[in-house]
Amino acid sequence: MREGQGSASSGGEGEGRWPKPARQFWWDFLPRTKAPPNSGLVAPKFEEPDWLTDVICKQEETLDVARGEHHEALARAKGAEEKANRLTQITLALFALALGLAGFEISFLRDRVDVWIAVLLLAPSAGAIFCLVVSGVQALEIDRVAFYWPPLVADASEAPDVRRAYIEAELRASFLADWSARKKVKALLQARAWLSRGLICLFVAALVGLWMLADPVNERRPKPIPSSTADALTKG
């Protein structure tokens, strides 16, 4: 997405805005008239650096360095998206495992222990499901649109100093790509942290499940006999 597309009404001033993944996910369920444009993203304001002087612009390597920074920022953003996709696949597999383990534990604990004990034993499975859901949502949101500004020939063809205009365009593109890449990498680290928490909870839940299978004392409680049946047996 090029800077300025749909962001004029939101204001692309200052440091920009990158809403939290949970909020972006919630906006997906809203109608088009209620959801914010560009998923709530607002591009930061680019300011020409002070070191960009006429002397620097005349050096041959300046344009190549600026273009290299732009491509490196694009590569970091793409790398974060690829890692987020792999993280999503791992999270979905672990989420299915956590659901299956929770189902087994619920079936095993039914009519065996009191409600509060069952809640305590099911806490690790519930924690694993919650952490994995948060991790998956954050990983999915990383692969959203971001702000990029590919330099075009038309942007610099009518400038008084064409070379300087090309350098400014590359710096502007590098600035936006770097901003988007940093936001994506930060979200990726948060998603990875929630995955680690989910793994710990899933490991504890697995230990609880093994204890349930190995405990020979914890037998199913007998169901109480209805009063009518008990009276009939007594009379008989």
Side-chain angles (χ1 to χ4, degrees), residues 1-25 27-28 35-88 135 137-194:
M1 179 188 302
R2 286 185 63 145
E3 178 195 18
Q5 291 183 351
S7 62
S9 60
S10 302
E13 299 292 329
E15 299 296 328
R17 184 178 62 178
W18 189 285
K20 294 182 179 180
R23 181 170 297 182
Q24 291 181 322
F25 183 78
W27 285 336
D28 290 339
N38 296 335
S39 191
L41 273 66
V42 177
K45 181 181 179 180
F46 171 75
E47 296 181 0
E48 183 180 306
D50 297 334
W51 54 263
L52 188 63
T53 61
D54 294 337
V55 177
I56 297 296
C57 291
K58 291 179 180 179
Q59 297 180 5
E60 295 294 334
E61 62 272 13
T62 302
L63 180 59
D64 295 334
V65 172
R67 185 176 291 119
E69 292 180 355
H70 178 205
H71 292 168
E72 191 274 337
L74 291 175
R76 284 194 292 115
K78 183 178 180 181
E81 293 173 354
E82 292 176 350
K83 291 180 180 179
N85 289 332
R86 294 196 296 268
L87 182 62
T88 301
S135 176
V137 169
Q138 290 189 343
L140 285 173
E141 295 304 307
I142 294 174
D143 199 17
R144 276 189 180 270
V145 295
F147 285 108
Y148 304 105
W149 196 81
L152 303 177
V153 176
D155 296 332
S157 59
E158 299 181 357
D161 189 344
V162 176
R163 181 175 179 81
R164 184 187 182 92
Y166 276 129
I167 295 175
E168 290 178 353
E170 290 289 350
L171 291 176
R172 184 187 187 92
S174 175
F175 170 77
L176 288 176
D178 178 72
W179 181 80
S180 298
R182 285 188 287 108
K183 296 297 184 180
K184 288 177 179 288
V185 170
K186 181 179 179 180
L188 178 62
L189 293 176
Q190 293 176 349
R192 185 62 180 81
W194 280 107

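Small disclaimer: the values here were computed from a predicted structure and weren't measured.
Distance check: Lys45 NZ to Phe175 CZ gives 10.5 Å after rounding to the nearest 0.5 Å. With rounding to the nearest 0.5 Å, the separation of OG1 in Thr88 from CD in Glu141 is 10.0 Å. To the nearest 0.5 Å, atoms CZ (Arg172) and CD (Glu47) are separated by 11.0 Å. Separation of atoms CD (Glu82) and CG (Leu188) is listed at 11.5 Å; rounding is to 0.5 Å.
Not one N or O on the side chain of Asp143 forms a donor-acceptor pair closer than 3.5 Å with the backbone of Ala139. The backbone N or O of Glu170 lies less than 3.5 Å from no partner atom in the side chain of Ser174, so there is not a single donor-acceptor pair.
For Gln138 against Ala187, the heavy-atom pair with the smallest separation is OE1-O, 4.2 Å. Nearest heavy-atom pair across Ala73 and Ala181 is O-CB, 3.7 Å. Among all heavy-atom pairs drawn from Ala80 and Ile142, the shortest one is O-CG2, 4.0 Å.
With sequence neighbours excluded, the residues that form a salt bridge (Lys or Arg N to Asp or Glu O under 4.0 Å) with Arg182 are Asp178. In terms of the salt bridge (Lys or Arg N to Asp or Glu O under 4.0 Å) criterion, residue partners of Asp64 (sequence neighbours excluded) are, by chain and number, Arg67.
Side-chain atoms of Leu74 and Ser180, non-hydrogen and from C-beta on, never get closer than 4.5 Å to each other.
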